Amino acid sequence: MNTAFLLMAQYNGKAIIPVDVVARDYFPHLSADKFLRKTLLGEIKLPVVRIDPGTQKSAKGIHLSDLARYLDDRRNAAIKEANQLFPPGS
């Protein structure tokens, strides 16, 4: 499966997904503000796109390919951890 393709379908082909939507869909334990704070501090490794970088209140979002990469990285980490706990063929 191609994660980016699935996200394109989920978000109707949008390139930039609003921060509050990403928080709602993939980080439901965080408010949109807390999610944004964690990304800006680097605690969640997702770059935030500011639509108008000249203003503080600019719309902010996550690029679809960055979200896809993040999700794939999290999946790969989970697989690695599972393989360490339960080695294949054991």
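What you are looking at is a predicted structure, and each value in this text was computed from that prediction instead of being measured.
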Q: Can you sort out the partners of Asp73 under side-chain contact (heavy atoms from CB on, under 4.5 Å), two or more places apart, ordered by chain and number?
A: Arg69
Q) Quick one: side-chain contact (heavy atoms from CB on, under 4.5 Å) partners of Asp52, sequence neighbours excluded? A) Thr55, Ser58
Q. Can you name the nearest heavy-atom pair linking Ala32 to Ala23, along with the distance?
A. CA-CB, 4.0 Å
**Q.** ring-ring contact (aromatic ring centres under 6.0 Å, His included) pairs, two or more places apart, involving residues 35-58
**A.** Phe27-Phe35
(Q) On a heavy-atom basis, which atom in Leu64 and which in Met8 lie closest, and how many Å separate them? (A) CD1-N, 3.6 Å
Q.
My understanding is that only residues two or more places apart in sequence, or in another chain, count here; which of them pass side-chain contact (heavy atoms from CB on, under 4.5 Å) with Arg74?
A. Tyr70, Ala77
**Q.** Set of residues satisfying side chain to side chain donor-acceptor pair (under 3.5 Å) with respect to Ser65, sequence neighbours excluded
**A.** His63
Q.
Tell me every residue that passes side chain to side chain donor-acceptor pair (under 3.5 Å) with Glu43, counting only those two or more places apart in sequence or in another chain.
A. Lys38
Q: Flag yes if Tyr26 and Leu40 sit in one hydrophobic cluster, no otherwise; membership is Ile, Leu, Val, Met, Phe, Trp, Tyr, and two members link when side-chain heavy atoms are under 4.5 Å apart.
A: yes
Q) Is the backbone N or O of Ile62 less than 3.5 Å from a side-chain atom of Asp66, with the two atoms forming a donor-acceptor pair by type? A) no
Q: Search all heavy atoms of Pro87 against all heavy atoms of Gln84 and return the closest pair with its distance.
A: CD-O, 4.2 Å
Q. To the nearest 0.5 Å, how far apart are CD in Glu81 and CG in Leu85?
A. 5.5 Å
Q: Among Val48, Val22, Val49, Ile16, find the residue that satisfies the side chain to side chain contact (heavy atoms under 4.5 Å, CB included) test when tested with Lys60.
A: Val48
Q: Return the set of residues passing side-chain contact (heavy atoms from CB on, under 4.5 Å) with Pro18 (not counting sequence neighbours), or none when no residue passes.
A: Asp20, Val21
**Q.** Partner of Leu67 under side chain to side chain contact (heavy atoms under 4.5 Å, CB included), chosen from Asp72, Thr3, Ile17, Asp25
**A.** Ile17
